[in-house]
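Below, chains carry the letters A, B, ... as their sequence lines are ordered, and counting in each starts from 1. Worth saying up front: this structure is predicted, and the values here are computed from it rather than measured.
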There are 2 protein chains.
Amino acid sequence: MPTPHYGQPRYRAIAGELRRRIESGIIPPGSLLPAESALTAEFAASRGTIRQAIAVLRDDGLATTEHGRGTYAIARPYASALIENSNLNARRREVAADADLAKLFDIAPGSILVMRETVTCAQDKVESVVRVYQLLNGDR
Amino acid sequence: MPTPHYGQPRYRAIAGELRRRIESGIIPPGSLLPAESALTAEFAASRGTIRQAIAVLRDDGLATTEHGRGTYAIARPYASALIENSNLNARRREVAADADLAKLFDIAPGSILVMRETVTCAQDKVESVVRVYQLLNGDR
DNA sequence: AGAAATTTGTCCGTATGTATC
DNA sequence: AGATACATACGGACAAATTTC
């Protein structure tokens, strides 16, 4: 199919469906989601779209993914935040501006900023952590 | 989001930022750059734009890409000298690791890290603040 | 212990539609 | 009109971690 993104994109619809299954217990916490290949078949979507949907779940803290294993459902929709994701690059968070950031952005300390964190690894070790702070105006 | 390519197109600005990280050792030679998806998130740009930026790096001999693996930084004996971003201010500080950083680097919270802070401006306004954290000693 | 299958990670190329400069 | 950019979506291929046989 082409790409008419009327209303809701497909990956969001799929993410919503998977979210329902997790939160309703159809996919119990700690269990594996169906493999990407299975979801591809079930939703008749491309793998990229499925992976996008799963990324939404990860971003919402509803799932974690392990290379070669699969994607696990997570119990609490919140609170785990960043902890399990240290092996994954780029996460978006909203944080309070510290004094320095407040001064730079010319905002009040404690105001909310968007932070994106990227981890660069070399030889199994964390090489550097990059944190990008931005105002959260027109972001999606 | 609109498309204000004031002066410099976005993909060139991103290429410039990545170039800086490579040439400054933030992304050491031989290591992998963050994946396209990670860069997409960090720079809040579309995949096409990120790929364009990486293409610039390849073209400049600063990176090579391997199918299925990723994009590697390449050691460049030359100094950049040429390219842009005079509106970039970087400074170096030593800071204590917060809980997240400590976990990522596998060090004790409160340990000292090097932080380099870069402020990028657009039209007199602070657009984003980038903080790069690295270990003090065993740097390459 | 080793090979094969499974599964996720990443990149490649392409395509459509929308919007702005 | 053309260049830039975003968001979405497809299909294919190779790489790497894990599991299974």
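Taking atom CZ of residue B/Arg47 and atom P of nucleotide C/dA15, one finds them 14 Å apart after rounding to whole Å. The nearest whole Å value for the distance from the CD1 atom in B/Ile14 to the C1' atom in D/dT4 is 12 Å. One interatomic measurement links the two molecules: CD of A/Glu36 to P of C/dT10, which rounds to 11 Å at whole-angstrom precision. Atom P of nucleotide D/dC6 and atom CZ of B/Arg51 are separated by 14 Å, given to the nearest angstrom. As rounded to whole Å, 14 Å separates atom P of C/dG9 from atom CD of A/Gln52.
Minimum atom distance to the side chain of A/Ala35 is reached by C/dT8, of the listed C/dC12, C/dT8, C/dT10. Considering only side-chain atoms of A/Arg10, the nucleotide from C/dC11, D/dC10, C/dT8 that sits closest is D/dC10. If you check D/dA7, C/dT8, D/dA9 against the side chain of A/Pro9, the one that comes closest is D/dA9.
With sequence neighbours excluded, the residues forming a side chain to side chain contact (heavy atoms under 4.5 Å, CB included) with B/Ser24 are B/Ile26, listed by chain and number.
Map B/Ile54 and A/Thr71 each onto its nearest nucleotide of DNA chain C; the residue landing nearer the 5' end is A/Thr71. Checking B/Phe43 against A/Ala44, the closest nucleotide of DNA chain D that is more toward the 5' end is the one next to B/Phe43. Heavy-atom nearest nucleotides on DNA chain D were determined for A/Ile50 and for B/Ile50, and the one closer to the 5' end corresponds to B/Ile50.
Judged by distance alone, with hydrogens and angles left aside, the side-chain atoms of A/Ser31 form no donor-acceptor pair with the main-chain N or O of A/Ile27 at under 3.5 Å. Listed for the B/Ser111 side chain is no donor-acceptor partner under 3.5 Å among the backbone atoms of B/Ile107.
Checking the phosphate oxygens (OP1, OP2) of D/dC10, a side-chain nitrogen or oxygen of A/Thr49 falls inside 4.0 Å. Distances shorter than 4.0 Å separate none of the side-chain N or O atoms of A/Tyr11 from OP1 or OP2 on D/dA9.
Using a cutoff of 4.0 Å between basic side-chain nitrogens and carboxylate oxygens, B/Arg21 and B/Glu42 are scored as salt-bridged. Using a 4.0 Å cut-off between a side-chain N of Lys or Arg and a carboxylate O of Asp or Glu, A/Arg131 and B/Asp98 qualify as a salt bridge.
B/Gly70 comes within 4.0 angstrom of the backbone, heavy atoms only, and of no base.
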Please evaluate residues B/Thr65 and B/Arg58 with respect to the criterion side chain to side chain donor-acceptor pair (under 3.5 Å), reporting the C-alpha separation (whole Å), side-chain torsions for both, the decisive distance (0.1 Å), and the verdict. CA-CA 8 Å; B/Thr65 301; B/Arg58 268 198 305 270; 2.6 Å; yes
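Between A/Pro28 and A/Ala73 the shortest heavy-atom distance is O-CB, 3.7 Å.
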Heteroatom pairs (N/O) under 3.5 angstrom, protein to nucleotides 17-21 of chain D:
residue, atom, partner, partner atom, Å
D/dT18, O3', A/Arg69, NE, 3.3
D/dT19, OP1, A/Arg69, NE, 2.6
D/dT19, OP1, A/Arg69, NH2, 3.1

